[in-house]
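Report on the structure given below.
Residue numbers start from 1 in every chain, and the chains themselves are labelled A, B, ... in the order their sequence lines are given, proteins ahead of strands. Reckoned from all heavy atoms, side chains included, excluding hydrogens, waters and symmetry mates.
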Amino acid sequence: MYASGLHQHRFAPSAAVAPAVAALWVNECGFDTAGVSIPRAEPHLVVRFGPSARRGLDFHAIGARQRAHRKVIRSGQRTVMVRLHLGTHGAVFGVPSSVIADRIVPLEDLWGVAATRELGERLFEARQVPEVVAILEEVIARRLPASEAHEAPTQLALDAAARLGTARVNDVAKALGVSERTLRRVFREAVGMSPKEFSQLTRFHRALREARAGLHVDWAGIASATGYYDQAHLIAEFRKIVGVTPRAFLGELRGAASSTTGRERGARSET
DNA sequence: AGTACTGACCGTTCAATATC
DNA sequence: GATATTGAACGGTCAGTACT
């Protein structure tokens, strides 16, 4: 999430939650502003404090998303974002990824009223950001199984995801020893989107990363380097995913990421 | 028999590519 | 840039198999 005037504090996940948590950060904003979230396949756990939250504090699970969405961030709002690894939805949320795909689900619908009320009370009392992060990590760690091994269907989807960059779905299915239909079924259940949609999102992120890194002088170069047929297709894909052209979206992000700090347990890159 | 899982087939959609 | 063509990917459905 990026927004004008937004302060972002990043935390390296502790060893206890590292198998499930890919990134953890806190956004704070001192005045009303606009924000845009970049769509991702990974599920997120979000805790909001402040004027936008119900009763001053609420938490949600956000599933795999294929489209950016924009919203107003109110002054005084603090948002704790936890990005999970693909395939950990079952352990952390207790449901298949397909259940929360393209949705924002109140955590109490997944964890139950009692568990979320207890968590809410603890978070409400914890005023300092590191304390909030520690509580969240403790709660997530408690939900993780002793073994890091995934169930077979989830592992199949993860193996497919690792190969899906440029390979065709049918070829990936063959390489993994299942039919294309089975791979598609399993993948959608485990990831919350189709293999093709996952490939497109992966390619979009690659192009965005290259553009932000400034490795190419023009969009045609980025399109060529990241697997798009041509610049026109790159632009069409950006329009579909984030609603605007690549140049406009970069401008939106540049204007947004005005203040970002990496600290506490070590800084990492964040998109 | 009922259930769960898988593969195969089919018609449709749409992205990729070629051509004008 | 607009349009046409091609083929990959999709979801629905059904049959086969294994298991209870």
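Here C:dC10 presents its P atom at 11 Å from CD of A:Gln66, a figure rounded to the nearest Å. Taking atom CD of residue A:Glu189 and atom P of nucleotide B:dA4, one finds them 13 Å apart after rounding to whole Å.
At a threshold of 4.5 Å between side-chain heavy atoms, the hydrophobic network of Ile, Leu, Val, Met, Phe, Trp and Tyr places A:Ile235 and A:Ile222 in two separate groups.
Residue A:Glu137 forms a side-chain contact (heavy atoms from CB on, under 4.5 Å) with just one option from A:Leu24, A:Val21, A:Val82, and that option is A:Leu24.
Between A:Arg206 and A:Glu210 there is no salt bridge, since none of the side-chain N atoms of the basic residue sits less than 4.0 Å from a carboxylate O of the acidic one. Under a 4.0 Å N-O distance rule, the pair A:Glu108/A:Arg117 does not qualify as a salt bridge. Under 4.0 Å is where a charged nitrogen must lie from a carboxylate oxygen, and between A:Glu131 and A:Arg122 no such pair does. Between A:Arg78 and A:Glu28 there is a salt bridge, since a side-chain N of the basic residue sits under 4.0 Å from a carboxylate O of the acidic one.
Comparing the local axis fitted to the first five base pairs of the helix from B:dA1-C:dT20 to B:dC20-C:dG1 with the one fitted to its last five gives a bend of 10°, rounded to 10°.
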Treat primed atoms plus P, OP1 and OP2 as sugar-phosphate and everything else as base, then score nucleotides 7-14 of chain B 5' to 3': B for base contact with protein heavy atoms under 4.0 Å, S for sugar-phosphate contact only, - for none.
BB------

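A:Trp111 and A:Phe93 have tilted rings, their planes meeting at an angle from 30° to 60° on a 0 to 90° scale.
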Intermediate values then yes/no, side chain to side chain contact (heavy atoms under 4.5 Å, CB included), A:Ile100 and A:Ile62:
CA-CA 7 Å; A:Ile100 57 172; A:Ile62 299 181; over 6 Å; no

